[in-house]
Amino acid sequence: MSRVLVVGGTGLAGRAVTAEAIERGHDVVVAARRVPDDDADPYVPGASYVTADLVTGVGLEEAVDGVEVVIDTSNALGKQAANVFATGAQNLVHTAARFGVSRAVLLSIVGADRSAYGYYRAKVAQERAYLDSALDTCIVRATQFHDFVTAIIDRGRPFGAFLSPTRTKFQPIAVTDVARVLVDAGESMREGRAQPDTIIHIGGPRVESARALAEQRKRATGSRRFILPVRLGGPLGATWRAGRNLVPENAVDGVRYGAWLDSGA
Ligand SMILES: NC(=O)c1ccc[n+]([C@@H]2O[C@H](COP(=O)([O-])OP(=O)(O)OC[C@H]3O[C@@H](n4cnc5c(N)ncnc54)[C@H](OP(=O)(O)O)[C@@H]3O)[C@@H](O)[C@H]2O)c1
């Protein structure tokens with residue numbers, strides 16, 4: 001059993017990582033700006049919670065104290081992305097190193113390094129902060145989560161539709177499968193089985209067109225809404241149409257999108 005810090009452990013991926021690490025018998029501390037009440041949704045029984053802010057640095061010393069492996073699943077959108085991913089990551093790695101933490105696992109995105117999209121550039125700055133730090137780091141770049149693909153498709157709702165980005169494929173992955181890989185990576189590093197400063201790519205079990213995924217979503221909801229093809233503009237749309245979000249050679253044997261929808265997750 002080792003002490004694991006899950007930064008952003010109240011978020012979507014972070015909750016799955018926290019649950020997976022506890023299930024495997026680790027001592028898990030979660031850091032986020034808002035700590036949940038015991039009965040609140042993000043709370044995972046067995047984890048302890050510390051209030052910490054990556055950007056200001058407040059609470060980070062308490063969070064990293066006695067930790068063997070940091071798993072970073074933090075996230076931020078819009079203008080906050082650069083702060084959290086660049087400044088926040090720098091604050092975290094420096095504080096962790098000062099407190100004798102030597103290993104980290106970072107959750108990133110497949111194709112982030114091959115895109116002009118601002119959020120992806122911020123993710124690359126976050127990756128760089130880890131790779132340039134004193135911590136031995138494993139970066140896990142994952143494809144789009146099932147939840148995220150669903151959120152894109154459901155953006156058609158105000159138009160009475162399911163949205164389907166044209167000429168786009170996804171390889172959606174369940175956050176539970178991502179969590180398994182992140183905790184595996186943390187354990188491998190701790191046991192000296194992993195090379196330091198590696199980048200792993202993982203994707204969901206199947207590559208499917210956005211249209212096929214939208215059709216599955218439509219079937220699962222039983223809705224009569226139509227499927228609306230939309231060309232996504234900007235660098236993100238271009239990145240996806242170029243297939244830079246796919247890693248078919250690194251598909252996990254995990255939960256398929258249709259099965260995930262059927263499970264009501
Ligand atoms: N969505 C996808 O399809 C996908 C695919 C591959 C990789 N990823 C990556 O996966 C990671 C996690 O995404 P997610 O959707 O699970 O995130 P999320 O649900 O938005 O959760 C974000 C977490 O970060 C914490 N956080 C935000 N700002 C913070 C700060 N300043 N200091 C400390 N904690 C902070 C949040 O808690 P508080 O707000 O309370 O602080 C929360 O716990 C992201 O880095 C994303 O790039 C996502």
Side-chain angles (χ1 to χ4, degrees), residues 5-20 28-37 40-44 47 49-60 62-64 70-92 95-96 105-113 115 117-127 129-130 139-153 170-179 181-182 199-204 213 236 239-240 244-247 250 252 257 260:
L5 170 65
V6 184
V7 181
T10 57
L12 179 64
R15 288 197 301 276
V17 170
T18 301
E20 177 73 24
V28 181
V29 56
V30 166
R33 289 168 304 172
R34 286 174 297 265
V35 170
D37 298 329
D41 184 39
Y43 176 75
V44 177
Y49 288 82
V50 172
T51 304
D53 188 329
L54 288 166
V55 178
T56 63
V58 172
L60 286 183
E62 188 194 341
V64 299
V70 171
I71 303 183
D72 188 347
T73 62
S74 61
N75 193 22
L77 300 175
K79 289 189 179 133
Q80 275 305 310
N83 283 339
V84 170
F85 292 146
T87 313
Q90 291 284 357
N91 287 340
L92 178 58
T95 310
V105 179
L106 170 66
L107 176 56
S108 191
I109 306 177
V110 166
D113 56 322
S115 175
Y117 181 47
Y119 175 87
Y120 282 12
R121 293 169 79 101
K123 288 295 293 180
V124 171
Q126 184 191 35
E127 291 184 355
Y130 276 88
I139 293 172
V140 177
R141 290 186 185 146
T143 55
Q144 282 66 49
F145 303 158
H146 290 329
D147 315 71
F148 182 63
V149 168
T150 301
I152 294 168
I153 293 168
F170 291 110
Q171 191 180 349
I173 188 166
V175 286
T176 46
D177 288 324
V178 174
V181 174
L182 289 169
I199 300 180
I200 296 173
H201 293 87
I202 56 162
L213 294 162
L236 182 61
T239 302
W240 288 350
R244 295 196 186 116
N245 57 329
L246 308 174
V247 281
N250 297 98
V252 298
Y257 185 64
W260 178 82

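Whatever order the structure lists them in is the order used to number ligands and atoms, beginning at 1. The chain is numbered in sequence order, starting from 1. In this text the structure is predicted, and so the values were computed from the model without any measurement.
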**Report entry** Min N/O separation A13 to ligand 1 under 3.5 Å
**Finding:** yes
Report task. Select one of side chain, backbone, both or neither to describe which atoms of A52 lie under 4.0 Å from any atom of ligand 1, heavy atoms only. Result -> backbone
Query raised in the report: How close do L107 and V178 get, heavy atom to heavy atom, and via which atoms?
Result: CD1-CG1, 3.8 Å
Query raised in the report: Given R141, R33, Q144, which one has a non-hydrogen atom that is nearest to atom 29 (C) of ligand 1?
Result: R33
Report summary line: For atom 44 (C) of ligand 1, the closest protein heavy atom turns out to be S74 O, 3.3 Å
Query raised in the report: A76 to ligand 1: N or O pair under 3.5 Å?
Result: no
Query raised in the report: If you take all heavy atoms of D37 and Y43, which pair is closest and at what distance?
Result: O-CB, 3.5 Å
**Report entry** N/O separation below 3.5 Å, K123 to ligand 1
**Finding:** yes
Query - Partner set under side-chain hydrogen bond (donor to acceptor under 3.5 Å, both in side chains) for Y49, not counting sequence neighbours - result: none
**Report entry** Closest non-hydrogen atom pair, P172 against V149
**Finding:** CB-CG2, 4.0 Å
Report summary line: Per-atom filter on ligand 1: closer than 4.0 angstrom to a heavy atom of I109 are 6 (C), 7 (C), 8 (N), 47 (O)
Query raised in the report: Can you check whether L12 has an N/O within less than 3.5 Å of an N/O in ligand 1?
Result: yes
**Report entry** Contact atoms of ligand 1, heavy-atom distance to T10 under 4.0 Å
**Finding:** 37 (O), 42 (C), 43 (O)
Query raised in the report: Any N or O of L54 that comes nearer than 3.5 Å to an N or O of ligand 1?
Result: yes
Requested in this report: Decide whether an N or O pair under 3.5 Å exists between S108 and ligand 1.
Outcome: no
**Report entry** Closest contact, heavy atoms only, L54 versus N91
**Finding:** O-ND2, 2.8 Å
Requested in this report: Would you give the length of the straight line joining atom CD1 of I139 to atom CD1 of I199, rounded to the nearest 0.5 angstrom?
Outcome: 4.5 Å
Query raised in the report: Any N or O on D53 sitting closer than 3.5 Å to an N or O of ligand 1?
Result: yes
Query - Numbered atoms of ligand 1 (with element) below 4.0 Å of Y119, judged on heavy atoms - result: 44 (C), 46 (C), 47 (O)
Query raised in the report: For atom 5 (C) of ligand 1, which candidate among T143, L107, V30 provides the closest heavy atom?
Result: T143
Query raised in the report: Polar-atom distance check: V7 versus ligand 1, any N or O pair below 3.5 Å?
Result: no
**Report entry** Any N/O pair G8/ligand 1 closer than 3.5 Å
**Finding:** yes
**Report entry** Heavy-atom pair with the smallest gap, counting every atom of V110 and V247
**Finding:** CG1-CG1, 3.9 Å
Report summary line: Sorted by chain and number, sequence neighbours left out, ring pair (Phe, Tyr, Trp, His ring centres under 6.0 Å) with Y130 holds for none
Query raised in the report: For the residue pair Y119 and Y117, does the interplanar ring angle fall in the parallel (under 30°), tilted (30 to 60°) or perpendicular (over 60°) class?
Result: tilted
Report summary line: atom 21 (O) of ligand 1 sits nearest the protein heavy atom G11 CA, 3.2 Å
Query raised in the report: Relative to atom 2 (C) of ligand 1, which among Y120, F145, F170, F85 owns the nearest non-hydrogen atom?
Result: F145
Report task. Describe, in one word, how the ring planes of W240 and F148 are oriented to each other, choosing from parallel (under 30°), tilted (30 to 60°) and perpendicular (over 60°). Result -> perpendicular
Requested in this report: Looking only at protein heavy atoms, identify the closest one to atom 40 (O) of ligand 1 and say how far it is in Å.
Outcome: R34 N, 3.1 Å
Query raised in the report: Is N75 close to ligand 1, meaning an N/O of one under 3.5 Å from an N/O of the other?
Result: yes
**Report entry** T51 to V35 - nearest heavy-atom pair and separation
**Finding:** OG1-CG2, 3.0 Å
